[in-house]
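For reference, the structure discussed in these notes is given below.
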Amino acid sequence: MCDHTNKNIYLPYLATVEEVIDETPDVRTLKLVFQDEKVRDSFVFRAGQFGEYSAFGAGESTFCIASSPTRKGHIECCFRSVGRVTEELRRLEVGDTMGVRGPYGNSFPIEDFYGKNLVFVAGGIALPPLRTLIWNCLDLRDKFGDITIVYGARTESDLVYKRELQEWQERGDVRLVKTVDPGGNSPDWDGKVGFVPTVLEEAAPSAENSIALVCGPPIMIKFTLPVFERLGFTDEQVYTTLENRMKCGLGKCGRCNVGNVYVCKDGPVFTAKQVKAMPMEF
Amino acid sequence: MTSLIDTTIYSAITEAIRVEAARILSEGEVTAVVGYAAARRKGSAQPIVINTAADAGQLIFTPSCVNNLAVYLTKAKKEISKTGKIGIVVKGCDLKALVGLMGESQLKREDMYLIGVPCIGVLASTVQPATGLTAETIAPKCTECDAHLPQGCDFVPAQTPVVTKLEHKYAAEIARLEALTPAERWAYWKEQFTKCIKCYACRQVCPFCFCEQCLCDRNKPQMVDTTPRPAGNAAWHIVRAMHLAGRCAGCAECERVCPMDIPLNLLNRKMAMELKELYDYEAGFDVLDKGPLTMFTDKDDQSFIK
Amino acid sequence: MHPEKQKHTFEPKIIAFVCTWCTYAGADLAGTSRMQYPSNVRVLKFPCTGRIDPVFILKAFQQGADGVLVSGCHPGDCHYIAGNFHARRRFAVFRKLLEFVGVDLNRLQFSWVSAAEGGKWVEVVTDLTEKVRSMGPMTEFKELALEEQWSGTIDTPELQEAYNAI
Amino acid sequence: MQKYISQHNLDTLLDTLIKRGIRVVAPRMNAGIPLYEPLGSSGEVVSDTLPRRSAKEAFFPVCEDIMSYKKEGQKVTITDIDPGRFPETVLFGVRPCDAAAIPVLDAVFSWDYKDEFFLERRKKTTIIGLACTAADDACFCTAVGLSPSASKGSDLFLTALEGGGYACDTCSEKGEALIANNQALFDGPSTSNPIPFAEPQTDTFDLTKVKAWLNDHFEDPLWDGIATRCVGCGACAFVCPACHCFDIVDEGTEKAGKRRKNWDACGFWKFTHHASGHNPRDLQPKRYRNRIMHKFKYYDDKFGQTLCTGCGRCVRICPVGIDIAAIVEEINKK
């Protein structure tokens, strides 16, 4: 939980944009450094938590904290510019100021994953919520079994974190399976071609002593969960994050609920078992 | 105590509507009938959508049947299945709204089976549902009604409405406001708009507010402030009145449903008066394929233009 | 040969919504002919008067304009044939609405200025600026912007300083 | 120990509070509508009708600034709102159905994160409840476990007595403090009996049975039956004493502006609409279901309380006559 020294729980921390990375034509990653010295040291978060990012004059928007908790001193956020706030964020250059509120929500129970094999499955722009966990695990590599990453997008240019995909591919201790939807590949594409669920079925990671982590648009999750069942994963072994419209991020404004579960307070990280218990309203 | 307006013909009208609805449902001429049914509170009524002839018995028509049911046929109301012909119970003012919607090619006449109602008036929003209909408790719009007997419907009960002459409430209020100075009018409207809490009931019940995404729900660009501060409220109500100019049929649902009793229909009646004066347009029973603000003549007034 | 510019106490803010084919060209002509006119006017270019939505005029007044000018092609000259005819009706009705709500119509001026009428543009802008200058700032919308609902008001110094800044 | 205050002394009490600079909020007429609003003088109080909007507004304003920002070049300075400056308030003439809703809201506004905007105003406000003597057929407070004489939520509870004056029971230290500060205006307990309380005619709902039904009827034709009528406005949520959902929006120019928190409602299509176009609650039946579920199930799951006090405002105000009491009654019979 974040310790709010000041009393106004809606007041954001100010952060300066240190680096701007264009992942795809409309997806951008911003590297942020908190302006206030005290906040820079005291800001502690866990993989899977999210923040409310302010573009002053436009409002706030909700994305996960994309950088790994093991990397101190800065945080990263990755967003696609679709709405008013994200388009305003896109206009920020290096040195500009924006606001960050958080960290909010629960996180991946990384301690329970020690000693287990990990299977990361992500689609399109849903890699960032898993990327924070991937880097977290890679920084503590010896604590885990083998790590498989299945990541796909509509076309090659839609793949985010291309540099890191390269890095993961070259590492010996990670099995990366890149894919693009049929027809999205260019001639010299070295990854697979096919939808993420089918590619996952081919990769067929073993369910024995392993944890699956899924993140993607609702349609992808709907087709990926059955694949995991066929591969022998039980519902407790599969984790996912839900993306609902949020405003306050701390359980007050009443809009992110799926059934009686507040995605911002009781989530965003849930096991497949919890997701199946929720009514179909997300 | 002012005399009760004789509403005995409403029970005969209720009977006629039930028989007609049962007939068109059982013969399969319509897939559903949108009408009024009794609600829990004594004397109150609520809209209802019935699909079987057996349910036709629930239909009623009383002075509490105040809703304009046309809103249920617009594309804003996605929940009601629009397969096949739909029957709808319409008062004169509601029918004018339907005619306006047909003019804007939102609805087709052959998709609707119109059950007209000879209406002598319904209750105002400020009275309890069970009170009797008198010159005091009647809705302001009914004091100026010229559509007691709807025209061009598929079926109208045989009753003829006996109408008592009533003092026109809106015309009097508009005249009073026009006599004030601009500063006094601004103060009056500022006080009214300050009461608004942006619940958008006026927009959601209006048959002509069928936009996919209302100007006020858009934030790229943010033309109208969303917070219910007086500044945002004033902008909202001015934009609403402008977007309904030349389209509003005078069903005064916006004024009826406003939780804060803001006299919203004054704005629409004033616009209607201006359009009558400027372009001789008036909401009526015959479908016009072009509203006053979607057409022009080269002799339009331009005295205000340098 | 600038005319001696007297120091005025109040400089009105005038917003001009103009159509690009006629009035903007007319204003351009006024410029190239070295005609002088008050610099209080801020010109916004639109493809046609038909594109000028009444909510723009409302937004201009809300954001602090003291006077608004809407100008376009003469009837018949419209590049899009009927843009100014529709606009004519729309603004005739919108004027009545603003008048009914209590806005002083002297602050809202409509005009037809063709591409050849640089002089008329200067004349329209100058008249409106002087008229609005004599009327003083438009306080209605400025005061309205500071009004709060009773439950949300706290006597912040900002609010006080804003009130007496009008 | 029950005390007594005459009508005259009560007016004097309110006037002295106003003179002392305390904001006295009570039902008064505003352009023909009874509303909870700050009083100019005690004469303005109207205590025979239920105000059109609820008393939650004294703690959860219809719109309030939560931050302001100024932008210069690449730097932004944000200024916080100092909760210390919320005015001292006495909320007078609060009906039991309004007063009972306020402690229910305490739960969500202090769930882990303390919303100082709400809680600070709560600390600075003394609530003087007034027993209810006039109910119409929309009221159903007795159906949800409350009563016209329930003092829940009030710091001081007045009961009108025959022959004028009020019996007052203190329900909290704030109430005692108010009496202590104005000792002279209060007398010993009176013997005359109270004016008969109102009797809403609805039979009591078995809220646990209603909740049990809701637990496993997320998909049910009941929702389609009601919500085809609902037109999706926010009137019921805004007049409700218990509804607490809000929106946060930035308003201002490029250079400076305010971040404001204002009322929002789950009935609106925009409430859960994603920028991607996806909307988990796209049709009105899903939205209306969420309203009933939140009031009679979700809030109970989270905080063990029902988010409805039976004031009947939503029943009176609904543009299309949707009656929450009739719906819960129907569920109660299933």
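The chains referred to below are lettered A, B, ... by the order of the sequence lines, with proteins before strands, and numbering in each begins at 1. Note that the structure is a prediction, hence the values are computed from the model and not measured.
Looking at D/V108, both its backbone and its side chain come within 4.5 Å of chain A, counting heavy atoms on both sides. For A/N244, the parts lying near chain D are the backbone and the side chain together; criterion is any non-hydrogen pair under 4.5 Å. Heavy-atom distances place the side chain of D/K297, and not its backbone, under 4.5 Å from chain A. Using a 4.5 Å cut-off between heavy atoms, D/D300 does not touch chain A at all. With a 4.5 Å cut-off on non-hydrogen atoms, A/C248 touches chain D through its backbone and its side chain both. For a residue to count as touching a neighbouring chain, one of its non-hydrogen atoms must lie under 4.5 Å from one of that chain's; by this rule D/D247 touches chain A with backbone and side chain alike. Neither the backbone nor the side chain of A/E52 comes within contact range of chain D, judged by heavy atoms closer than 4.5 Å.
Between the side chain of D/R281 and the main chain of D/C266, no donor-acceptor pair closer than 3.5 Å is present.
Outside the 6.0 Å centre-distance limit, the rings of A/F50 and A/F63 are not counted as a close aromatic pair. Annotation: D/F118 is not in aromatic contact with D/F60 [ring centroid separation under 6.0 Å not met].
Considering D/R260, D/R259, D/K261 as possible partners of D/D250, the one that fulfils the salt bridge (Lys or Arg N to Asp or Glu O under 4.0 Å) test is D/R259.
Contact count against chain D (heavy-atom pairs under 4.5 Å) is highest for A/G251 among A/A55, A/G83, A/G251. Between chain D and the residues A/G254, A/G95, A/S54, the most heavy-atom pairs under 4.5 angstrom are made by A/G95. Most heavy-atom pairs under 4.5 Å with chain A, from the set D/F117, D/F218, D/F271, D/F109: that is D/F271.
A cation-pi arrangement, defined by a distance under 6.0 Å to the six-membered ring centre and an angle within 45 degrees of its axis, is present between A/R131 and A/Y161. A cation-pi contact, defined as under 6.0 Å to the ring centre and within 45° of the axis, is absent between D/K286 and D/W223.
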- Could you go through the side-chain hydrogen bond (donor to acceptor under 3.5 Å, both in side chains) check for A/T271 and A/E236 one step at a time? CA-CA 6 Å; A/T271 63; A/E236 282 87 8; over 6 Å; no

